[in-house]
Number of protein chains: 2
Amino acid sequence: MITLTEENYIKAIYHLGKYGVDNVSTNSIAKEMETKASSVTDMVKKLSDKGYANYKKYQGVTLTEEGKEIAINIVRKHRLWEVFLVEKLNFSWDEVHEVAEQLEHIKSKKLISQLDAFLEFPTHDPHGDPIPDKTGKINKIDKILLSETIIGDQCICVGVQDSSSDFLKYLDKNKIALGTELVVSHREPFDNSITIKIKNKELIISNMIANNLFVKVS
Amino acid sequence: MITLTEENYIKAIYHLGKYGVDNVSTNSIAKEMETKASSVTDMVKKLSDKGYANYKKYQGVTLTEEGKEIAINIVRKHRLWEVFLVEKLNFSWDEVHEVAEQLEHIKSKKLISQLDAFLEFPTHDPHGDPIPDKTGKINKIDKILLSETIIGDQCICVGVQDSSSDFLKYLDKNKIALGTELVVSHREPFDNSITIKIKNKELIISNMIANNLFVKVS
DNA sequence: ATATATTTTTAGATTAATCTAAAAATATAT
DNA sequence: ATATATTTTTAGATTAATCTAAAAATATAT
Ligand SMILES: [Mn+2]
Ligand SMILES: [Mn+2]
Ligand SMILES: [Mn+2]
Ligand SMILES: [Mn+2]
């Protein structure tokens, strides 16, 4: 049996290690989990004993194949629940994360497969992140950050890097949603702010915003 | 903050004490929770300290008003989730309880009020049990056990006492569902078995079955 | 290359929830 | 009314998850 706490550590290691490849440091896990490094050391030993992680003292952690599978399954559940909350229960995209953090730990194979079908097998969550399928396959689309575009690029918004409420509400206020089309018209060298056009209306966007919005160039 | 374990104890005390009125013994809680009496004593002290229960050594436990509110809210969540699983995710009524035991602990006011609306404010769960409304009001219908009926009674099935998978599957097999109409045609004095007629087809039902099926006499 | 700073681990303690075995209180039988 | 049985509590231990403070290892700066 795997505990809720173990699941959360595995998920953190998965996300911090760029989806399971890099070595993850004790301190980075501690920061992500809002806990102390010494607690992380203990837990990481436990995950290693249970076969979910590879760990050598002072060398950081990676997930084993089994650990990675667990992580992907939690991510799948998290994102499916987020779709449910937005599509069926009228949550807005800045309200779903907290609740999904709880729902992702519910253990029932049937629940998730039925939920998946009920939602008509969605491929992406409300923030544009891909939903792993039941075999764990993740369908990545080729998206880049708005900050990486060049002048003249015609783009469509496909995701957010940060999904904090503050950022999502900023996007709502400025009528930027997934699917919104925009053109990059100017980049200010001094502060790297970007001017974009949405339906011929100009909008100036800070570098920080541009660094958190994913687009697809068409 | 209330822990998941505390919530489960409060729920057990609520159900054992006939919905909050009777004193509940340490041993009965231990049996219900599949734990030891000594563990119950510890927890019951804690619930009392936190203001959820009234407890005097050797005298059993009752819930305080606050404890009762918590219990009713958990029951509300449990039953709403059961409706969701049956109505939306095609679970059968013998599959929902286990999953609802997990889902009932998810903490989000908005989630439950939206779920309630999405399900169109159901008044009863798939087993015929009433769903408390958001203020905690429980709409009891006047149901009796099939074993308490008299010969000639025309009944409609409205609920089950036991919701174990074995019992519910028995009902399925014999085409007895909530809403099914039946007439009580004979009672055998020797073993208290009952003969019922459903659509003119006779069926003999043991006393144990009759003791677990609620009906409304019309 | 060595001193210094930073990161990570270890040692020992704490809290929540649980257990076993023994003691204490209450209930039951004669 | 007293002995016996049953129930409940207490004492002391264990496991999971956490913490602080100190020690050890690794990384960085000169
Ligand atoms: Mn999320
Ligand atoms: Mn998301
Ligand atoms: Mn149930
Ligand atoms: Mn039910």
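Lettering follows sequence order; numbering is per chain, from 1.
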Centroid separation B:His78 to B:His97 less than 6.0 Å | yes

For the side-chain contact (heavy atoms from CB on, under 4.5 Å) test, which of B:Ile176, B:Asn212, B:Leu171 pairs with B:Val160?
-> B:Leu171

Those residues at least two apart in sequence (or on a different chain) that pass ring pair (Phe, Tyr, Trp, His ring centres under 6.0 Å) with B:His124 are none

Of B:Leu146, B:Val215, B:Ile150, B:Val217, which is the lone residue that meets side-chain contact (heavy atoms from CB on, under 4.5 Å) with B:Val184?
-> B:Leu146

Looking at A:Arg76 and A:Asp116, does any basic side-chain N land under 4.0 Å from a carboxylate oxygen?
-> yes

Just by modelled atom types, is the A:Trp93 backbone N or O under 3.5 Å from a matching donor or acceptor in the A:His127 side chain?
-> yes

Flag yes if more than 12 heavy atoms outside B:Lys110 fall under 6.0 Å of its NZ atom; otherwise flag no.
-> yes

Expressed in angstrom and rounded to an integer, what is the separation of B:Asp49 atom CG from C:dA16 atom C1'?
-> 14 Å

For DNA chain D, what is the dot-bracket line, given that a base pair needs Watson-Crick (N1 to N3, plus N6-O4 or O6-N4) or G-U wobble (N1-O2 and O6-N3) geometry with both distances under 3.5 Å, and | means paired with another strand?
-> ||||||||||||||||||||||||||||||

In whole Å, what is the span from the CE atom of B:Met43 to the C1' atom of C:dC19?
-> 14 Å

With respect to the phosphate group of D:dA16, does any side-chain polar atom (N or O) of A:Thr3 fall under 4.0 Å of OP1 or OP2?
-> no

Distance in angstrom units between A:Leu47 CG and D:dA16 P, rounded = 13 Å

Mark up nucleotides 5-12 of chain D, 5' to 3', with B wherever a protein heavy atom is under 4.0 angstrom from a base atom, S wherever such an atom reaches only the sugar-phosphate, and - elsewhere.
-> --SBBB--

Does the ring centre of A:Phe84 sit less than 6.0 Å away from the ring centre of B:Phe84?
-> yes

What's the NZ-P distance between A:Lys36 and C:dT14, to the nearest Å?
-> 17 Å

